[in-house]
Amino acid sequence: MEKIKLGISACLLGESVRYDGGHQLDRFLTDTLGQYVEYVPVCPEVECGLPVPREAMHLEGHSDSPRLITTHSKQDVTDRMIQWALKRVVELEKEDLCGFIFKSDSPSSGMERVMVYNEKGMPVKKGIGVFARIFMEHFPLLPVEDEGRLHDPRLRENFIERIFTLKRWREVATKKKSRGKVVDFHTKHKLLILSHSLKHYQQMGRLVAQAKDLPLKEFYLQYQTLLMESLQLRATPEKNANVLQHMMGYFKKQLSADEKKELLEVIESYRKSYTPLIVPITLIQHYVRKYDQPYLKEQIYLNPHPLDLQLRNHV
Ligand code: SF4
């Protein structure tokens, strides 16, 4: 797979673009995830023409439509930022991004819970950065996260699973279209989708079964929308445990009573969060290999992202 293209707040890559001339280098993003990702850096404040260093700014007003104001001289730079951002998101369409990593808490780049000051100067953590809002409205189904939330192992695993899945989907969607290619993609991703949403799993199953009744373009579009919506819903230990039990059913005839008991115990231990997901997954993988189970060995759910990221060791 070629590298995944991700947009990113430029200061997270170590670019000295912050208001004080500093940066916010995040080593996980550059050194670890960076092995699989090609970043497209965006610094809204510098790209809309503000200098480095510059006066700090924050959001003021109502949290739904706050203004971007410099903290001391009280200059309003909202319109300048909006005009630039509306053009920038159109340019970014050409980049074929599979997601965006925002800088948390920034009045320009923060994707949630950014401080907004009311007329009395009281802050509430309810804002969205001016650029981040326009980006997310323009690309509503694209996976987005901020570097702060990515420290949470479950959010990190979910985000990375989504960007790898979107990349695999794009590789199908950009080639010559055929219903068979979507059916093949869907077959391999069934259990991954099920681990996020039973409802979407059922809807997508129906869509694939009725593929012949839809124009090809419409079929691709509907499938992509359901795929991205399903992955937005987080896979929980409960949902994963149900998928693992479902997989266990494929070995009904092969496993001894003792092996079944052991596998069930391992799944239960994961469900109760005593062990990480990698433990039952490894045992299932062992049986998939041993019995050469044809359906399960094709399932992306068993290997949704590179093992060396160790994402399932912590969820
Ligand atoms: S948070 Fe956003 S606007 Fe601020 S320095 Fe980083 S990239 Fe630029």
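First listed ligand is number 1; within each ligand, the first listed atom is number 1. Because the structure is predicted, anything quoted here is derived from the model rather than measured.
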Using a strict 4.0 Å cut-off to heavy atoms of [X], name the atoms of ligand 1 that fall inside it.
X: Glu45; answer: 3 (S)
X: Ala10; answer: 7 (S)
X: Val42; answer: 7 (S)
X: Ser9; answer: 7 (S)
X: Lys103; answer: 1 (S)
X: Val17; answer: 5 (S)
X: Ser106; answer: 1 (S)

Considering only non-hydrogen protein atoms, determine which one is nearest to [atom] and report residue, atom name and distance to 0.1 Å.
atom: atom 6 (Fe) of ligand 1; result: Cys11 SG, 2.3 Å
atom: atom 8 (Fe) of ligand 1; result: Cys43 SG, 2.3 Å
atom: atom 2 (Fe) of ligand 1; result: Ser109 OG, 2.3 Å

Measuring to atom 6 (Fe) of ligand 1, does His23 have an N/O/S atom at a distance below 2.8 Å?
no
Whether over 12 other heavy atoms sit under 6.0 Å from Glu93 CD:
yes
Give a yes or no on whether Lys126 atom NZ has more than 12 heavy-atom contacts from other residues, nucleotides or ligands under 6.0 Å away.
no
When you measure from atom 2 (Fe) of ligand 1 to the N, O or S atoms of Ser108, does any of those distances fall below 2.8 Å?
no
Between Phe102 and Phe135, is the ring centroid distance below 6.0 Å?
yes
His314-Glu157 side chain donor-acceptor pair, cut-off 3.5 Å:
no
If only side-chain N and O atoms count, and only distance matters, is there a donor-acceptor pair under 3.5 Å linking Thr165 with Arg162?
no
Just to check, does Leu12 reach to within less than 4.0 Å of ligand 1 when the distance is taken from its heavy atoms?
no
Using heavy atoms and a 4.0 Å limit, tell me yes or no: is Val46 in contact with ligand 1?
no
Distance col, row Leu166:CG vs Phe164:CZ, nearest 0.5 angstrom, shows 12.0 Å
When rounded to the nearest 0.5 Å, the distance separating CG of Leu13 from OG of Ser16 is 11.5 Å
Would you find a donor on one side and an acceptor on the other, under 3.5 Å apart, between the side chain of Lys190 and the backbone of His186?
no
Which segment of Arg18 sits under 4.0 Å of ligand 1 when only heavy atoms are counted
both
Side chain proximity check, Asn158 to Leu231, heavy atoms < 4.5 angstrom
no
cation_pi(Arg149, Phe159) dist<6.0 Å, angle<=45
no
